[in-house]
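Written below as structure tokens is the structure these notes are about.
Residue numbers start from 1 in every chain, and the chains themselves are labelled A, B, ... in the order their sequence lines are given, proteins ahead of strands.
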Amino acid sequence: MSTWTLIRRNLGRNRARTVLTTLAVAFSIFLVCAVITLPSVRTSILERTMNARRLVVHHKFGLGYDNLPVAYAQRVRNLPHVTAVTHLTWFGGIYSEAKDFFPNYAVDSETIEEGLSEYQFDPVVLDQFKKIRNSALVGVRTMEKFGWKIGDEVTLRNSVWFNLSLMFKIIGEVPNVNPMSATLFLFPRQYFEEALRPYEQFNAGGWISMLMVMVDKPENLKTVITTIDEQFRNSSHPTLTATQYEFTANYLSSFDGIIQVVMLVGFLVVASIVLIAANTAAMSVRERIGEVAVLKTIGFRRRTIFSLLLSEALLIAVLGGLLGVIPAYVVLNAGKSSWSPFLGPLTLFLMPVSVMIQGIFIALFVGILAGVIPSRGAARLNVATALRQIA
Amino acid sequence: MITLQQVSRVYRRGADEVHALEQINLAIPDGTFVALMGPSGSGKSTLLSLIAGLDQPSSGNVAINGQMLSGLSEDQLAAWRAAHVGFVFQFYNLIPVLSAAENVEVPLLLTRLSKAARRQHVETALQIVGLADRQHHRPNQLSGGEQQRVAIARAVVVDPDLLVADEPTGDLDAKNADDILDLLRRLKNEFHKTIVMVTHDPRAERYVDQTFHLDKGVLVKKEE
Ligand SMILES: Nc1ncnc2c1ncn2[C@@H]1O[C@H](COP(=O)(O)OP(=O)(O)O)[C@@H](O)[C@H]1O
Ligand SMILES: [Mg+2]
């Protein structure tokens, strides 16, 4: 037998309590890892959607404020340093219920390949996309969400464009190149314009939501931004041009408040686990005060008793920490794995190894906070008084 | 030799002072088995704590085999107890999650003995108390008498000079009480232990060499 045996047996004394406390720590550490990693979701969305040479152009007062004339595409294409331009038009279609939101756009099938080059569309599929009037390309996540498959015909209703209802034939997937792409629904603008022909007197088919502009070199981005916005400044539809990075960052900043609230909740959870663990540690020490008195009587010193009892708390904490950190690492890095399409937004987390280490340290800290006071109390026990209570 | 000179112990309870022991003078030669008797609250446990180095007197001196206990720090006292004193309690106080043998081994965790040497010590101690065949049992699988014998094995495993016992038969029936008293006497006879035992048990007088009577913190010597 060794001191270690004593610690182990004491942990086995109330197995349910030990297991539950360990799991509570594990669960909270898992949560803490997710919370610490949360800001990385932003970064990874940014990094994955960003193209260093791309500019996004929309109405000066915002994407939702007004559209831009379709003719802008050609005018921007003619500017120096611009190598490709394509445009997207927000359709706002819904499939079943309004809450089942997914981004669907009418796109220019002729320019989409060069305008969104990182998507690397399959040439065969792209060819069909150009030929089939009502074709649609759909991201995997949206396909799964509605149980669609290639070959299906689906109808989207919309309330933005004269309450049009359009029927589409899904001919392929949008390549899954970034977090946005998995949700996209793209269809040829031609079909959209045809459907709007009855409303020609409103020039209904003459609008786009935004331009995607490729610039020859990153160092020319600034010049091109100024040129574009200058060009349309005094028109009826002035523009705001930004790098794709700024555009996405700006869009994501609307989630900052939520992220902060989630982080706060996460840390409150840890705080409450500390309190629960402290109570458990205090209880398990109190139950054994008689034994502690005997050990002290026999000649165990304060320090020995203290380390014996604290080790129990630390062991539970570290074990719980490992049980929290390892699954967290696996789940929060699932984006890198092959089953990522099935995990939804979890794939956006990118938990670095350093967060594992932080998690273990937080667990240790929980153990120390919970264990120190009761262990110290027991170690300082006055033997003669304690024996009087037990003997 | 245990010697107490002018030993008093005063407890403070708020504004009150409780004189648990007053001016005790006492000498117990090595290798004797003595009983401390007296009514409840007369100071028996207090006296035992002072002899065993669990508590310090308010005034006076306690010396065990020439070692003055007063003036030792808490840790020094702990080390002294670990090497020189074995303890037996009324309610055995074994650790429930350890087997009999492991309970006996606990005091050896404070020594530098090898694993093999420790096992040897444990075996010997369990043999002395007649429980060699029960070494793998947990306390709750043992009778009260057996648990007390394990506790005695734990007390003697470091081979201390002094054994102190506070009402060791208080929770046992007559048969088991006799066995325990007999065992203690054997420890004195065969292993030359000095044993100080607090007891209410009138039977004890047949086993001990000398009885000290306490009353209200004062020693009252009765000649027999
Ligand atoms: N820690 C303490 N604080 C205050 N009073 C105490 C303390 N320990 C013992 N006493 C008092 O000292 C007296 C002697 O107690 P004790 O030695 O336990 O007697 P006994 O063991 O003979 O029953 C009692 O009056 C008891 O209440
Ligand atoms: Mg008493």
side-chain contact (heavy atoms from CB on, under 4.5 Å) with A/Val383: which of B/Leu77, B/Asp55, B/Leu54?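 With A/Val383 as partner, B/Leu77, B/Asp55, B/Leu54 yield a single side-chain contact (heavy atoms from CB on, under 4.5 Å), made by B/Leu54.
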Tell me, for A/Arg303 versus chain B, whether the close heavy atoms (under 4.5 Å) come from the side chain, the backbone, both or neither. side chain
Please report the closest heavy-atom contact between [X] and [Y], naming both atoms and the distance.
X        : Y        : answer
A/Gly299 : B/Ala82  : CA-CB, 4.1 Å
A/Arg301 : B/Ala78  : CG-CB, 4.3 Å
A/Ile298 : B/Pro107 : CG2-CB, 3.8 Å

Spatial distance of atom CG (B/Asp75) from atom OG1 (A/Thr304) [nearest 0.5 Å]: 8.0 Å
Is B/Arg154 close to chain A through its backbone or its side chain, or both, or neither, when contacts mean heavy atoms under 4.5 Å?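 Contact with chain A is through the side chain of B/Arg154 alone.
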Interface moiety of B/Leu98 toward chain A, non-hydrogen atoms closer than 4.5 Å: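 Interface part for B/Leu98: both.
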Is the shortest distance from a Lys or Arg side-chain nitrogen in B/Glu74 or A/Lys296 to a carboxylate oxygen in the other one below 4.0 Å? yes
List the steps, then state whether side-chain contact (heavy atoms from CB on, under 4.5 Å) holds for A/Arg13 with B/Ile95. CA-CA 11 Å; A/Arg13 178 181 299 241; B/Ile95 295 177; 3.9 Å; yes
Does any part of the side chain of A/Met1, heavy atoms only, come nearer than 4.5 Å to the side chain of B/Val106, both counted from C-beta?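 In short, these two side chains touch, coming nearer than 4.5 Å.
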Please determine, among B/Pro96, B/Ala79, B/Ser45, the option with the most heavy-atom pairs under 4.5 Å with chain A.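 If we count pairs closer than 4.5 Å to chain A, B/Pro96 comes out on top.
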